[in-house]
Visitor: 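First, the structure itself, so that you have it in front of you.
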Amino acid sequence: MLGPDEAAKIGEAVLQQCDATDGAEDGLIADPRACEVDYSGLGLTEPQLETLAKWRQGPRDAAGEQLYPGGIPEGSEPFWWLWLTGNAEGAGKLVSGFAGGFTRHMAFADDPGTEYSPLEFDFEADPLRMTEAAAVYNGDSPDLSAFREAGGKMIVYHGWADAIVTPYKTVEWYEAASKAAGGEATLAESVKLFMVPGLDHCGILPGPDGLNWSSLDPMSPLEAWLNDGTVPDTIMAPKVE
């Protein structure tokens, strides 16, 4: 079992080994894909290391086939207490709230009911049972040709430290959309992706060193892009001196 104590040790190791990979030691992991972390010496048990590896790689079936892109990113550890491990302030919400409620009442054509536990999820059979739900909920088509031809502009952003909705899915979608558009440069005429280091799920919790996400402002650059053609290069509001 990974708890808040292990999360703190893991997070410290991640920051020590990955912070400077982008050339700046600022307490932020610019891209977790750029760093491979060595967890030896942290005192984690073999089962804990196996759990951590599964969290990082994301869901796979018995044959090792990836069922969904990515997993829980490096740099998200400070937020695990809210979503995954719990701490003295409360239990993690992912399994008890989101995963529990979703699998009981929204994931399958036939609801399994309130007695169902996410621990019963069958990675071999249940993904196929979610096909109908996926058709309803998923908005991940890479074909944006109609949107682009209509002159639409889109800003997409995701936190690199999101522990509940994996940022790797957003990156995969953007790469597929770029390919479908004929290249990233072509897609960038209509769609801009901003991956935000240190941002957890929707900025619910403060970032490193109390970073306040109230400065996150995707609407102003989107309006400027639509109104006068100013291509956005950031979604962070200017600092007020």
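Starting from 1, each residue takes its place in the sequence as its number. Computed from a prediction, not measured in an experiment: that's the story for all the values here.
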Visitor: Under 3.5 Å, is there a donor on one side chain and an acceptor on the other for Ser76 and Trp80?
Guide: yes
Visitor: What are the two closest heavy atoms between Pro73 and Pro32, and how far apart are they?
Guide: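 Nearest pair, atom of Pro73 first, then Pro32: CB-CG, 4.0 Å.
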Visitor: Is the backbone of Arg33 close enough, under 3.5 Å, to the side chain of Asp31 for a donor and an acceptor to pair up by distance?
Guide: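 The answer is yes, because a donor-acceptor pair under 3.5 Å joins these two groups.
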Visitor: Starting from Val37, can I reach Leu84 by hopping between I/L/V/M/F/W/Y residues whose side chains sit under 4.5 Å apart?
Guide: yes
Visitor: Locate the shortest heavy-atom distance separating Trp225 from Ala188; write the atom from each residue and the value.
Guide: CZ2-O, 3.7 Å
Visitor: Quick one, Glu184 and Tyr174 - any side-chain contact, counting heavy atoms below 4.5 Å?
Guide: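 Yes, side chains in contact.
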Visitor: For the pair Phe121 and Phe108, name the ring-plane relationship: parallel under 30°, tilted 30 to 60°, perpendicular over 60°.
Guide: parallel
Visitor: Measuring only between side-chain heavy atoms, which start at C-beta, is Tyr68 closer than 4.5 Å to Tyr168?
Guide: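 No; the side chains remain at least 4.5 Å from each other.
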Visitor: Looking at Asp26, is its backbone amide N or carbonyl O close enough to the side chain of Asp19 to form a donor-acceptor pair, meaning the two atoms are under 3.5 Å apart?
Guide: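 Looks like yes, one N/O pair under 3.5 Å.
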Visitor: Can you find a pair of side-chain heavy atoms, one from Phe79 and one from His201, that are under 4.5 Å apart?
Guide: no
Visitor: Run the side-chain contact (heavy atoms from CB on, under 4.5 Å) test on Leu82 and Leu205 for me, step by step, so that the C-alpha distance in whole Å, both residues' side-chain angles and the decisive distance to 0.1 Å come before the verdict.
Guide: CA-CA 9 Å; Leu82 180 62; Leu205 296 174; 3.9 Å; yes
Visitor: If I compare all heavy atoms of Thr85 with all of Gly3, which pair ends up nearest, and what's the gap?
Guide: CB-C, 3.8 Å
Visitor: For Leu199, does its backbone N or O pair with a side-chain atom of Trp213 as donor and acceptor, under 3.5 Å?
Guide: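 Checked: no pair found.
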Visitor: Are any side-chain N or O atoms of Lys9 and backbone N or O atoms of Leu42, one a donor and one an acceptor, separated by less than 3.5 Å?
Guide: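 Yes, Lys9 side chain to Leu42 backbone: donor-acceptor pair under 3.5 Å.
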Visitor: For Glu65, does the CD atom have more than 12 heavy-atom neighbours from other residues, nucleotides or ligands under 6.0 Å away?
Guide: no
Visitor: Using a strict threshold of under 4.0 Å (side-chain N to carboxylate O), is an ion pair present between Asp111 and Arg104?
Guide: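 Looking at Asp111 together with Arg104, the answer is no, because their closest N to O distance does not fall below 4.0 Å.
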Visitor: Leu144 versus Ser190: any side-chain heavy-atom pair under 4.5 Å?
Guide: no
Visitor: Judged by atom type as modelled, is there a donor-acceptor pair below 3.5 Å linking the side chain of Asp126 to the main-chain atoms of Arg129?
Guide: no
Visitor: Run the salt-bridge test on Glu77 and Arg56 with the 4.0 Å N-O cut-off and return the result as yes or no.
Guide: yes
Visitor: Tell me if the CD atom of Glu12 is crowded by more than 12 foreign heavy atoms within 6.0 Å.
Guide: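 Counting other residues, nucleotides and ligands, CD of Glu12 stays at 12 neighbours or fewer.
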Visitor: Distance only, no hydrogens: is a donor on one side chain within 3.5 Å (strictly under) of an acceptor on the other, for Asp228 and Thr230?
Guide: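 There is such a pair between these side chains.
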Visitor: Evaluate the criterion side-chain contact (heavy atoms from CB on, under 4.5 Å) for residue pair Leu216 and Tyr157; output intermediate values, then yes/no.
Guide: CA-CA 10 Å; Leu216 194 68; Tyr157 72 94; 3.5 Å; yes
Visitor: With the threshold set at 4.0 Å, does a side-chain nitrogen-carboxylate oxygen contact exist between Lys169 and Glu172?
Guide: yes
Visitor: Under 4.5 Å between side-chain heavy atoms, hopping through other hydrophobics if needed: is there a path connecting Trp160 to Val14?
Guide: no
Visitor: Can you check side-chain contact (heavy atoms from CB on, under 4.5 Å) on Thr166 and Ile72, steps first, answer last?
Guide: CA-CA 6 Å; Thr166 177; Ile72 300 169; over 6 Å; no
Visitor: Using a 4.5 Å cut-off on heavy atoms from C-beta on, say whether the side chain of His158 contacts that of Val196.
Guide: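 No, their side chains stay 4.5 Å or more apart.
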Visitor: Do any N or O atoms from the side chain of Glu74 and from the backbone of Cys18 form a donor-acceptor pair under 3.5 angstrom?
Guide: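 Flag not set: sc Glu74 to bb Cys18 has no pair under 3.5 Å.
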Visitor: Do Ile10 and Leu15 belong together in a cluster built from hydrophobic side chains that touch within less than 4.5 Å?
Guide: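 As far as the 4.5 Å side-chain criterion goes, Leu15 and Ile10 are connected within one cluster.
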Visitor: Return yes if some donor-acceptor pair links the side-chain N/O of Asn227 with the main-chain N/O of Glu223 below 3.5 Å, else return no.
Guide: yes
Visitor: Given side-chain contact (heavy atoms from CB on, under 4.5 Å), test Val165 with Thr170 step by step and report yes or no.
Guide: CA-CA 9 Å; Val165 177; Thr170 298; 5.8 Å; no
Visitor: Which heavy atom of Ala161 sits nearest a heavy atom of Gly198, and at what distance?
Guide: CB-C, 3.8 Å
Visitor: Has Gln66 got more than 12 heavy atoms of other residues, nucleotides or ligands less than 6.0 Å from its CD?
Guide: yes
Visitor: Distance from His105 atom NE2 to Thr114 atom OG1, nearest 0.5 Å?
Guide: 6.5 Å
Visitor: Would Met195 and Met236 show up in the same hydrophobic cluster when neighbours are defined by side-chain heavy atoms closer than 4.5 Å?
Guide: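 No.
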Visitor: Are Phe194 and Val191 joined in one hydrophobic group, where the rule is that I, L, V, M, F, W and Y side chains link up if heavy atoms are under 4.5 Å apart?
Guide: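 No; Val191 is not reachable from Phe194 via cluster members.
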Visitor: Contact between Asp162 and Asp200 at the side-chain level, heavy atoms closer than 4.5 Å - yes or no?
Guide: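 Not in contact.
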Visitor: Between Asp38 and Ser40, which heavy-atom pair has the shortest distance, and what is it?
Guide: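 Reported closest heavy-atom pair: OD1-OG, 2.7 Å.
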Visitor: Give a yes or no on whether Glu132 atom CD has more than 12 heavy-atom contacts from other residues, nucleotides or ligands under 6.0 Å away.
Guide: no
Visitor: Nearest 0.5 Å, what's the OG-CG distance between Ser145 and Leu187?
Guide: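 Taking OG in Ser145 and CG in Leu187, the distance rounds to 11.5 Å.
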Visitor: Donor-acceptor pair, Lys54 side chain versus Arg60 backbone, under 3.5 Å?
Guide: no
Visitor: Would you check if Cys35 and Thr21 make a side-chain contact, meaning some heavy-atom pair closer than 4.5 Å?
Guide: yes
Visitor: Is the backbone of Asp217 close enough, under 3.5 Å, to the side chain of Ser220 for a donor and an acceptor to pair up by distance?
Guide: no
Visitor: Can you tell me if Glu120 has over 12 outside heavy atoms packed within less than 6.0 Å of its CD?
Guide: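 Yes, because the 6.0 Å sphere around CD of Glu120 holds more than 12 heavy atoms from other groups.
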Visitor: Any side-chain heavy-atom pair from Glu6 and Leu52 closer than 4.5 angstrom?
Guide: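 No, every pair of side-chain atoms sits at 4.5 Å or beyond.
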Visitor: Considering all heavy atoms of both residues, which atom of Pro218 and which atom of Ile155 are nearest to each other, and what is their separation?
Guide: O-CD1, 3.6 Å
